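Comments concern the structure below.
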Amino acid sequence: MSIAKTYTPADVEAKWYQRWQEQGFFKAKANPRKQPYSVVIPPPNVTGVLHMGHMLNNTIQDVLVRRARMQGKEACWVPGTDHASIATEAKVVALLKEKGIDKKDLTREEFLKHAWEWKEKYGGIILEQLKKLGASCDWDRTRFTMEPELTEAVLRVFVDLHQKGLIYRGIRMVNWDPQGGTAVSDEEVIAKDTMAKMYHLRYEVVGQAGQFLTVATSRPETIMADVAVALNPNDPRYTHLHGAKVRIPLLGREIPVILDEYVSIDFGTGALKVTPAHDLNDYELGLKHNLPVIDILNNDGSLNEKAELYVGQDRFAARRNIVKDLEAAGLLDKVEEYASVLQTSERTGAVIEPRLSLQWFLKMEHLAKPALEVVENDEIKLHPPKFKNMYRAWMENVHDWCISRQLWWGQRIPAYYLPDGSFVVALNEEEALKLAREKSGNANLQATDLRQDEDVLDTWFSSWLWPISVFDGFKDPDNADVNYFYPTNDLVTAPEILFFWVARMIMAGLEFRKQVPFRNVYLTGIVRDAQGRKMSKSLGNSPDPLDLIATYGADGVRTGMLFSSPAGNDLLYDVKLVEQGRNFTNKLWNAFRLTQGWEVDATLPFVNAKAVEWFSAKLHVAQLELDEHFEKFRMSDALMTVYKLVWDDFCSFYLEMVKPAYQAPIDPETLRHTTSFLETLLKLMHPFMPFITEEIWHELAERGPKDYVCVAAWPKPAPVTGGADLLARMDKALEIVAGVRNIRNQKGLGPNKPLTLATKTDDAALLHDYDGVIRKLAALTEISVVEAAPAASVSFVTGGSEFFVPLEGQIDLVAEKARLEKELEYAIGFRDSVLKKLSNEKFVQNAKPDVLERERQKLADAEAKIATLQQSLNNL
RNA sequence: GGGAGAUUAGCUCAGCUGGUUCAGAGCAUCUGCCUUACAAGCAGAGGGUCACUGGUUCGAACCCAGUAUCUCCCA
């Protein structure tokens, strides 16, 4: 036999991927005669490389897309990347630093030149990696969120929303990332539980030397920004200080004591220092009491000259130093540990600094309301639906979106400032100038008089337009593509970005196209290691996806990932999973090898009708089940259905039933059916295992130039007459087979030792019809119907029939008796429980007729079994 | 602190409208087999008080209440 004994994916994967591309199978265009099916990829970070999360996510998308393509839909999977402003800028800055270049020494244009160079060099890597996985994207449609067309879309949207009054500029407390040197949105802040220290500081009461008010704070370095100390008016401990002034420790500046019920009496000392520039709550308090704002921090988190002390020091260094100095001055009362929450930046990990700054915001209320509604009314379905609760909670408490970032890598905010400080918002400089002239009434205003905002937009402000912008829906809102492919069908993404991205795409879709961007959102879990830890570079617990593909084959890896990943559940990755996937490909390969080895003898009669009928019926049931799993987005279950159909039903049973003796020929009819079954199985498996199925497809027959399983028609379930009966009868026959095999195992007989079977049966027809199947699978030479048990035989009971395997000299009467008694005992217990149910009048009155009928049948079966078992015992 | 979800075999999970497809699947485990498609395999077997305590019901893994533990989201 010339076909390799084990399947070697490396030999075929690249070949088929190339062929598919040459054939243009992945290309999609608006085609009114076909039903559209579109998916947009969650654009990976342009600087990224493929990780396990991408593997899972893109495998699922590819399964959906490939199946849709086979179903005859115009399947369009749009790939692309996003520019990931903070992450990319940080990488470029780091790279430049290695070369001895400081970002500060570069102009914006110079920096962007470096960034683009870097993007050109590394930006496509991840997409190339996806091809190795088999992703059937329409690569001609590859988009990048910062390319000119998409940038224009972003700017248009900004201008539009500004005109609608939804974008505004204001001083707000933002989350400042001192390391990234930029504001980040609420959603990019991660709260971490930590133990922090609470410092009790002594503020001297003005005019009462030696009298102190003790204030507890976790941030002693901010006292220089204090503008008041607040007390609860109802706190009896402090009534004597109402109206007093206190002196800031070390600094000596006098600040008022204010009263506000906001202060909680039992937290800390009940006295709260008020630092409006560096705490959101303090800021609110300051507004209410009309207090000044003193900002003592620089962008990088160091103290500025307004602090007067520790100027130039980093906030954490300043904290250490001021604690030392306070202690030395006797102004530190005590330090205690307490559990607190540290806000950190998702991007850089730096501790977030609440900071007042002038930023651009997008009002959310108007956008959030309809976006909530379409999820509530299932116009967009989340899978699994438990995420609906989370989605609702967020949408009902949504805050305005801080969309400006103090970076260079990204779309620059299209706001232009006039010399007088006012601004206009316009798509480009010319229009801005026009507007500025109108606004100022100064017709002589020149472009050089305008200054464009320095900041760029949040990357999500590009990504939220993705399902529209990839089809050029902003540039040309009525183009054929967008009209045909939008709304897209399914979105596959991670729950972590449900709000960042999914919710905002829904908002954008409704706002700009009055239509939802997709119908289904499939939320994958996080890929973790076997111990449940998140995969991370620092832990080194993440395998390299490309190594995995090289070792186990893309098909093996794809199925391995899917075996254990129900929607929304984390995937505990274990190499055993991809091994299982690889083994599955090998199993299929060998089934194919077997059929390839058969010689046909055209004169042979068709002897396998029972097997063929049965497998046809099995196939029908499995297809219905498979389609149902797909409709419900139960991908693991869908795969498992195919897995069992192929491995158990096709290989372990069907092929064993029809397989001729070694080197014996097969009849043409059986071969025809078998090949046809195999082709159907290849189609059903193709979305999961595209490469091996394509390889076998072409090995199985000479194929025409366009005849690929990749574009074969998805099989329609074909009902089989009397299918349910066929399945039930085969099940009975296989039970008999299992009974014989069990005896072989118990008695240590080899799988091939010829045996005979005798039976006292109530279903002689079954034995007659399935004689061939049973004899073959159980390796029996003869099955005979008898009146009485043969001497010296081992027996078993299935259904109401008793079977005997004569075994001269190998019968252990005692053990045999014990076994039968145990079975009998169980059967009696079972019968009694049914009897009890049936003798309960209320049950008989209340239970539905079919339930009652089933119970009666149960009773009859049990009675029959008991009778047979007793007979067997008597015979011993 | 507020909210949501979960708890079923050693592991990962199914289990629909309460009732024979109700205690399941895959993996793992154990036993025996290198039986000419496959040892990346074949055959067989064992394994669970459905977290706990009550309640509703003729009947509960499923419905209700409480308890415990875990996870996630928000503050």
Side-chain angles (χ1 to χ4, degrees), chain A residues 1 3-7 186-187 191 341 343 384-394 396-397 495-496 498-499 525-526 530 532 552-553 556 560 563-566 568-574 576-598 628-629 632 634 636-637 639-641 643-644 647-648 651-652 655-656 659 661-663 727-728 731 737-753 777-779 830 834 836-848 850-855 857-859 861-862:
Chain A
M1 190 175 290
I3 306 169
K5 200 168 163 182
T6 48
Y7 171 63
D186 291 348
E187 291 72 38
V341 180
Q343 309 287 343
K386 67 176 179 183
F387 286 105
K388 214 164 155 178
N389 287 330
M390 253 168 73
Y391 183 85
R392 183 187 310 116
W394 190 73
E396 283 174 350
N397 298 295
E496 298 138 77
L498 186 58
F499 310 136
I526 297 166
Y552 296 98
F563 274 131
S564 170
S565 50
N569 277 32
D570 287 356
L571 167 86
L572 297 196
Y573 172 79
D574 194 305
K576 280 175 187 159
L577 289 170
V578 290
E579 266 173 24
Q580 192 187 349
R582 187 266 319 261
N583 294 353
F584 186 34
T585 58
N586 199 48
K587 186 70 186 177
L588 175 63
W589 183 251
N590 276 289
F592 156 69
R593 265 183 82 217
L594 174 66
T595 63
Q596 278 314 93
W598 288 340
E628 194 190 337
H629 286 320
K632 294 183 177 166
R634 299 200 287 223
S636 293
D637 293 332
L639 173 60
M640 194 46 69
T641 296
Y643 182 82
K644 286 196 276 198
W647 200 305
D648 299 343
C651 293
S652 295
L655 287 179
E656 292 298 331
K659 157 168 123 178
Y662 180 56
Q663 287 188 332
L727 293 177
D731 277 350
V737 171
V740 177
R741 285 174 169 178
N742 194 0
I743 287 172
R744 282 185 186 278
N745 259 293
Q746 280 175 8
K747 297 291 168 193
L749 312 169
N752 288 327
K753 180 184 167 68
L777 295 194
F830 183 76
V834 179
K836 197 174 149 200
K837 219 185 261 190
L838 281 170
S839 55
N840 180 337
E841 263 178 52
K842 288 193 174 169
F843 171 72
V844 179
Q845 278 166 16
N846 293 321
K848 280 175 277 182
D850 58 316
V851 172
L852 206 56
E853 184 46 44
R854 265 185 251 141
E855 291 297 318
Q857 187 58 49
K858 249 161 85 174
L859 183 64
D861 290 350

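Note that this is a predicted model, so its numbers are computed, not measured. The chains referred to below are lettered A, B, ... by the order of the sequence lines, with proteins before strands, and numbering in each begins at 1.
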Using the test salt bridge (charged side-chain N to carboxylate O under 4.0 Å, His left out), find all partners of A/Asp648 that sit at least two apart in sequence or belong to another chain.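 By the salt bridge (charged side-chain N to carboxylate O under 4.0 Å, His left out) rule, A/Asp648 matches no residue at all.
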Taking salt bridge (charged side-chain N to carboxylate O under 4.0 Å, His left out) as the test, write out the residues that go with A/Lys632, two or more places apart.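 A/Lys632: salt bridge (charged side-chain N to carboxylate O under 4.0 Å, His left out) contacts with A/Glu628.
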For RNA chain B, stems built from three or more consecutive Watson-Crick or G-U wobble pairs below 3.5 Å: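 Listed by first number, the stems are B:1-7 with B:68-74, B:10-13 with B:24-27, B:29-33 with B:41-45, B:51-55 with B:63-67.
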Under 4.5 Å between any side-chain heavy atoms of [X] and [Y], yes or no?
X: A/Thr585; Y: A/Tyr552; answer: no
X: A/Phe563; Y: A/Leu639; answer: yes
X: A/Phe592; Y: A/Ile3; answer: yes
X: A/Tyr7; Y: A/Arg582; answer: no

Using the [atom1] atom as the point on both nucleotides, what is the distance between [M] and [N], in whole Å?
N: B/G55; M: B/C74; atom1: C1'; result: 34 Å
N: B/C13; M: B/U36; atom1: C1'; result: 38 Å
N: B/G18; M: B/A61; atom1: P; result: 13 Å
N: B/C27; M: B/G44; atom1: P; result: 14 Å
N: B/C62; M: B/G26; atom1: P; result: 25 Å
N: B/A75; M: B/U12; atom1: P; result: 31 Å
N: B/A14; M: B/A6; atom1: C1'; result: 15 Å
N: B/C16; M: B/G24; atom1: C1'; result: 15 Å

Reading RNA chain B from 5' onward, which residue's closest nucleotide shows up sooner: A/Leu655 or A/Met640?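 Here A/Met640 is the residue nearer the 5' end.
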Closer to the 5' end of RNA chain B via nearest nucleotide, is it A/Gln663 or A/Lys644?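 First, find each residue's nearest nucleotide; the 5'-ward one identifies A/Lys644.
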Classify A/Phe592 by what it touches in the nucleic acid, base, sugar-phosphate, or nothing, heavy-atom distance under 4.0 Å.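 Counting heavy atoms under 4.0 Å across all strands, no contact is made by A/Phe592.
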Which is true for A/Tyr662 with a 4.0 Å heavy-atom rule: it touches a base, it touches only sugar-phosphate, or it touches nothing?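 Base, at least one base heavy atom under 4.0 Å.
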Check side chain to side chain contact (heavy atoms under 4.5 Å, CB included) between [X] and all other residues, then give those that pass, not counting sequence neighbours.
X: A/Gln663; result: none
X: A/Glu496; result: A/Ala494, A/Ile526, A/Lys534
X: A/Ala778; result: A/Val737, A/Val740, A/Leu780

With [X] via side chain to side chain donor-acceptor pair (under 3.5 Å) - residues at least two apart:
X: A/Lys576; result: none
X: A/Tyr643; result: A/Gln580
X: A/Asn590; result: A/Arg593
X: A/Asn745; result: none

Atom-pair distance ([atom1] on [X]; [atom2] on [N]), nearest Å:
X: A/Leu749; N: B/G32; atom1: CG; atom2: C1'; answer: 11 Å
X: A/Trp598; N: B/U36; atom1: CH2; atom2: P; answer: 17 Å
X: A/Gln580; N: B/C27; atom1: CD; atom2: P; answer: 5 Å
X: A/Leu594; N: B/A37; atom1: CG; atom2: C1'; answer: 5 Å
X: A/Tyr573; N: B/C27; atom1: OH; atom2: P; answer: 17 Å
X: A/His629; N: B/A25; atom1: NE2; atom2: C1'; answer: 11 Å

Nucleotide by nucleotide, 5' to 3', does protein get under 4.0 Å of the base (B), only the sugar-phosphate (S), or neither (-) in nucleotides 4-20 of chain B, counting heavy atoms? SS------SS-S---BB
Show me the protein contacts with nucleotides 38-48 of chain B, counting only N or O atoms at under 3.5 Å.
| unit_1 | atom_1 | unit_2 | atom_2 | d |
| --- | --- | --- | --- | --- |
| B/C38 | O4' | A/Asn590 | OD1 | 2.8 |
| B/C38 | O4' | A/Asn590 | ND2 | 3.4 |
| B/C38 | O2' | A/Asn586 | ND2 | 3.3 |
| B/C38 | O2' | A/Asn590 | ND2 | 3.4 |
| B/C38 | O2 | A/Lys587 | NZ | 3.0 |
| B/C38 | N3 | A/Lys587 | NZ | 2.7 |
| B/A39 | OP1 | A/Lys5 | NZ | 3.3 |
| B/A40 | O4' | A/Asn583 | OD1 | 2.9 |
| B/A40 | O2' | A/Asn586 | ND2 | 3.1 |
| B/A40 | N3 | A/Arg582 | NE | 3.0 |
| B/G41 | OP1 | A/Asn583 | ND2 | 3.2 |
| B/G41 | O3' | A/Lys587 | NZ | 3.2 |
| B/C42 | OP1 | A/Lys587 | NZ | 2.6 |
| B/C42 | OP1 | A/Trp647 | NE1 | 2.8 |
| B/A43 | O3' | A/Arg741 | NH1 | 3.4 |
| B/A43 | O2' | A/Asn745 | ND2 | 3.2 |
| B/G44 | O4' | A/Asn745 | ND2 | 3.0 |
| B/G44 | O2' | A/Asn742 | OD1 | 3.3 |

